[in-house]
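Read the structure below first, then the notes.
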Amino acid sequence: GESVGLHLPTLSVQEGDNSIINCAYSNSASDYFIWYKQESGKGPQFIIDIRSNMDKRQGQRVTVLLNKTVKHLSLQIAATQPGDSAVYFCAETPYNFNKFYFGSGTKLNVKP
Amino acid sequence: EPEVTQTPSHQVTQMGQEVILRCVPISNHLYFYWYRQILGQKVEFLVSFYNNEISEKSEIFDDQFSVERPDGSNFTLKIRSTKLEDSAMYFCASMHGGAYEQYFGPGTRLTVT
């Protein structure tokens, strides 16, 4: 796969605002899409997922939107909190879950 | 809450040496994965393992890499002859199968000198 430079795109938001993090995926055959949160020094942590037969799914304070036409995935975080500061990765996988492709990540910086 | 554990947290080795990274997945999980993450970059899939065999491997997972589930609890990644470019964080993950959420371990930082 391609290597990504050391500088992640950064989204800075004020505490309490809503955040939208975007991701473009590449594989039309992907069946399942996931958002992960990675805090410094830790492994990725599952946030929310969506299957390819859906276009929207809501969780607690988070919503994932899937647009298969343009291969675009977004994560919306409502009322962003300082604890949401982390790097967010999207990932895609085919129906058999044998291989997960991760996106390049977005750093979310929440200002108090 | 059950969690994936990995040992060691940090491994320093010389180029050409063999290393074994160890993982204990969540006990009732059936699918196991290894990933690596070079500092500041995205997470890269290495290999998936199900039913005591490799399901899929990436182009990174060449003949220098191997995985094993030697008993009912451990899942290991072996690098036979480490190279400088193998320096990275290595994450193990497991998934139940009935639910499709992957749980990641805290990672092993491998430094090859």
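Predicted, not measured: the structure shown is a model, and the values here were computed from it. Convention: sequence-line order gives letters A, B, ...; per-chain numbering from 1.
Only the backbone of A:K42 has a heavy atom closer than 4.5 Å to any heavy atom of chain B. When heavy atoms are compared at a cutoff of 4.5 Å, B:F91 approaches chain A solely by way of its side chain, counted from C-beta outward. Of the two parts of A:F97, the backbone and the side chain both hold a non-hydrogen atom closer than 4.5 Å to a non-hydrogen atom of chain B. Only the side chain of B:Y35 comes within contact range of chain A, judged by heavy atoms closer than 4.5 Å. Interface remark: B:Y103 contributes no atoms to any contact with chain A (heavy atom separation under 4.5 Å). Interface remark: B:Q37 contributes side-chain atoms only to the contact with chain A (heavy atom separation under 4.5 Å). Contact annotation for A:Y101: neither backbone nor side-chain heavy atoms come within less than 4.5 Å of a heavy atom of chain B. Neither the backbone nor the side chain of A:Q45 comes within contact range of chain B; no heavy atom of the residue lies under 4.5 Å from a heavy atom of that chain.
Between A:S12 and A:K111, the side chains place no donor N or O within less than 3.5 Å of an acceptor N or O (distance only, hydrogens not considered). A:D17 and A:T80 share no side-chain donor-acceptor pair at under 3.5 Å.
Counting heavy atoms from C-beta on, the side chains of A:I20 and A:N22 come closer than 4.5 Å. With contacts defined as side-chain heavy-atom distances shorter than 4.5 Å, the pair B:F49/B:R69 qualifies.
B:E3 and B:I26 make their closest contact through C-CG1, 3.8 Å (heavy atoms, listed as atom of the first residue, atom of the second, distance).
Ranked by heavy-atom pairs under 4.5 Å with chain B, the first of A:A91, A:G43, A:G41 is A:G43.
Separation of the A:F100 and B:F45 ring centroids does not fall under the 6.0 Å cut-off.
By the 4.5 Å side-chain criterion applied to Ile, Leu, Val, Met, Phe, Trp and Tyr, A:W35 is assigned to a cluster that also includes A:L11, A:V13, A:I21, A:Y25, A:F33, A:I47, A:I48, A:I50, A:M54, A:V62, A:V64, A:L66, A:L73, A:L75, A:I77, A:Y88, A:L108, A:V110.
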